[in-house]
There are 2 protein chains.
Amino acid sequence: MLAAMNLPVPPWQTPKKRPAKQPLSREAIVAAALTVLDAEGLDALTMRRLAEELGTGPASLYAHVKDKEELYDLLIDAVCAEVRVPEASAEDWEERVKDFVRESVRVLTSHRDIGRIAMARIPTGFNVLRVADGMLGVLKAGGLSDQDCAWAVDILSLYANAHSYESSLFEQKLAWQENMLEVPFFEQLAEYYKALPADTFPNLAPMAAVMLTGNGDDRFEFGLDLLVRGLASRRPTVSPEVRPA
Amino acid sequence: MLAAMNLPVPPWQTPKKRPAKQPLSREAIVAAALTVLDAEGLDALTMRRLAEELGTGPASLYAHVKDKEELYDLLIDAVCAEVRVPEASAEDWEERVKDFVRESVRVLTSHRDIGRIAMARIPTGFNVLRVADGMLGVLKAGGLSDQDCAWAVDILSLYANAHSYESSLFEQKLAWQENMLEVPFFEQLAEYYKALPADTFPNLAPMAAVMLTGNGDDRFEFGLDLLVRGLASRRPTVSPEVRPA
DNA sequence: TTCGAGTCAAGAACAATGTTCGTAAGCGTC
DNA sequence: GACGCTTACGAACATTGTTCTTGACTCGAA
């Protein structure tokens, strides 16, 4: 058919069909993915669902994103953009380190299920590196050796990610069982632990109650305390103000 | 057709058709799963592949195992059976704690990809509990409070699992890239880090070399050292032999 | 103005996966 | 010898990530 195409478009009709909705970029995909993720969780984040959110088909996404893995990388980086990097200082050093890790898990757990994909990624994205750089700065202010600082970044990130991972999966499991089970599962677990035979588990059986004390945050704080105490004990010099003048 | 079934079976023919191969139990399934896992990795461990390994169809497995998740639980428990639980003692306490964690990751990394499914499982299996009980015993010998011991079991397990997870995924990624890439990826990463702009990453850029120093074991030892130092510093009393008599 | 190359979108399809349905076979008991 | 009851399992279903291929549109040059 002969189409009269190059006429000035009459204003009462939509000028073109394709770029009516904005033309689908990496950024738009990542933003939509975060929307789906926060609203419906990781299991709902399929390429089809994501395409639907963008008003297109799943195949279109692969023009902008190589893999689902690459999408995950982009998601992590986008989330890391929200981490507020503090300034480094030797004062209150231990608390500053702790606060940074707390801030990381705050962001990581503020987006639903993001913890489940955060682990075991080699940091290359801009925002991930920005966070690592900030962490390195905070650590170096404590006077640790360069090698200790470098590895500490690794370990603290691992800890933050691992906690977020467990937290995310635990929350999911909890929500799932809440809908399916009548007795709240935690009581079930408490019963189970208390019923352990004391002769087979001489240490565990008497401590059933203590094992179940505290929520995820308490445990996180405990582990964080261990790590930071360990770091502090590796400082070659004690803090300058208590050093003999 | 009329089948003469209740005749005494002639010894020169296989007596029955069904129980010729042994009748498919949880144990057999778990054993076969471990075989497939060790030989071909987690991605190859599909219900079909597992059924094939047992000479049956995938549907048959679901009579003995509720889920793939339950299969994973059983796998973890089976692997935990290999962990050698040491005896508790106050002597060389810190090194004993370390050795126990080392033993855990040794087992966890000795089976291919098992680290990828070890995290975020609520410990209920016999062998998992046995390991937790042993860990608790070793920790208590150090004189920590009950609450500290309980949470330390959690944190140390989390650390062992997280390290195994990363190690497993990292090894997979490394093996994959080794076949596809010509330049060994680690050099690529080193180049990338060294090329980071120093004005945007003032801490990271000068430390590119240090960041990449050490393999997974070194980093694991470093984190383990942090945790155990932290635990030691929480001991209410220093070790008895240095206490004033 | 027209053609042609090139880019982007997207429907359809493919292969693989976990899981369930329905049916059949064997075993124990009345 | 017939009836349950457990176990086995081929076939099928729904969902997933991903690719193939066709079509729509853009833009630059003849």
Side-chain angles (χ1 to χ4, degrees), chain A residues 1-9 13-29 32-33 36-37 40-75 113 116-117 176, chain B residues 1-9 13-29 32-33 36-37 40-75 113 116-117 176:
Chain A
M1 50 183 164
L2 305 177
M5 293 209 160
N6 288 344
L7 285 181
V9 272
Q13 74 180 25
T14 58
K16 309 158 192 174
K17 211 166 50 179
R18 186 62 61 77
K21 62 197 177 198
Q22 51 207 25
L24 203 56
S25 62
R26 269 168 107 92
E27 292 74 26
I29 290 179
V36 175
L37 203 58
E40 309 171 33
L42 184 63
D43 293 333
L45 183 63
T46 69
M47 299 306 264
R48 281 169 177 78
R49 177 72 189 82
L50 180 53
E52 179 193 348
E53 184 77 14
L54 290 158
T56 177
S60 306
L61 306 174
Y62 287 86
H64 305 268
V65 165
K66 172 178 163 286
D67 250 336
K68 205 177 187 190
E69 270 305 304
E70 185 174 295
L71 176 64
Y72 285 160
D73 276 335
L74 296 173
L75 283 177
D113 286 341
R116 274 166 65 188
I117 59 176
W176 188 87
Chain B
M1 48 182 164
L2 304 178
M5 293 209 160
N6 287 344
L7 284 181
V9 271
Q13 73 180 26
T14 57
K16 309 155 193 176
K17 209 167 50 180
R18 187 63 61 77
K21 62 198 175 198
Q22 49 209 25
L24 203 58
S25 62
R26 271 167 106 93
E27 292 74 27
I29 290 179
V36 175
L37 203 59
E40 309 172 31
L42 184 64
D43 293 333
L45 183 64
T46 69
M47 299 307 263
R48 281 170 177 77
R49 177 72 189 82
L50 180 53
E52 179 193 348
E53 184 76 14
L54 289 158
T56 177
S60 308
L61 306 174
Y62 287 87
H64 305 269
V65 165
K66 171 178 164 286
D67 252 335
K68 205 177 188 190
E69 270 306 302
E70 186 175 293
L71 175 64
Y72 286 160
D73 275 335
L74 295 174
L75 282 176
D113 285 342
R116 274 165 65 186
I117 59 175
W176 188 86

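Throughout, a chain's letter reflects where its sequence line sits, starting with A, and its residues are numbered from 1.
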K.L.:
For Met47(A) and dT18(D), give me the distance from atom CE to atom P, rounded to whole Å.
P.N.:
6 Å
K.L.:
Calculate the interatomic distance between Leu71(A) atom CG and dT16(D) atom C1'; express it in whole Å.
P.N.:
15 Å
K.L.:
Between Lys68(B) and Asp73(B), does any NZ, NE, NH1 or NH2 come within less than 4.0 Å of an OD or OE carboxylate oxygen?
P.N.:
no
K.L.:
Which listed nucleotide (dG18(C), dA8(D), dC21(C)) is nearest to the side chain of Arg48(B)?
P.N.:
dG18(C)
K.L.:
For a quick test of reading the model: is some side-chain N or O of His64(A) closer than 4.0 Å to OP1 or OP2 of dA9(C)?
P.N.:
yes
K.L.:
In whole Å, what is the span from the CD1 atom of Ile29(B) to the P atom of dC9(D)?
P.N.:
11 Å
K.L.:
Do the side chains of Arg49(A) and Asp43(A) get close enough for a salt bridge, i.e. N-O under 4.0 angstrom?
P.N.:
no
K.L.:
Just how far, in rounded Å, is C1' of dT16(D) from CG of Leu50(A)?
P.N.:
14 Å
K.L.:
Please check the phosphate of dC9(D) (OP1 and OP2 only) for any side-chain N or O of Thr56(B) closer than 4.0 Å.
P.N.:
yes
K.L.:
Once you round it to whole Å, what is the distance between P of dT20(C) and NZ of Lys68(B)?
P.N.:
14 Å
K.L.:
OH of Tyr62(A) versus P of dC20(D): gap in Å, rounded?
P.N.:
13 Å
K.L.:
For Asp43(A) and dA14(D), what is the distance between atoms CG and C1' respectively, to the nearest whole Å?
P.N.:
15 Å
K.L.:
Taking atom CG of Leu37(B) and atom CG of Leu50(B), what is their separation to the nearest 0.5 Å?
P.N.:
10.0 Å
K.L.:
Have a look at Thr46(B) and say if it touches a base, only the backbone sugar-phosphate, or nothing, with a 4.0 Å heavy-atom cut-off.
P.N.:
sugar-phosphate
K.L.:
Nearest-Å distance, CG (Leu61(A)) to C1' (dG17(D))?
P.N.:
11 Å
K.L.:
Nearest of dG18(C), dT20(C), dA8(D) to any side-chain atom of Ala59(B)?
P.N.:
dT20(C)
K.L.:
Does the distance from a Lys or Arg side-chain N to an Asp or Glu carboxylate O, for Glu52(A) and Arg48(A), drop under 4.0 Å?
P.N.:
no
K.L.:
Judged by each residue's nearest nucleotide on DNA chain C, which is more toward the 5′ side, Lys66(B) or Pro58(A)?
P.N.:
Pro58(A)
K.L.:
Hey, is Glu70(A) close enough to Arg26(A) for a salt bridge, meaning N to O under 4.0 Å?
P.N.:
yes
K.L.:
With respect to the phosphate group of dA8(D), does any side-chain polar atom (N or O) of Ser60(B) fall under 4.0 Å of OP1 or OP2?
P.N.:
no
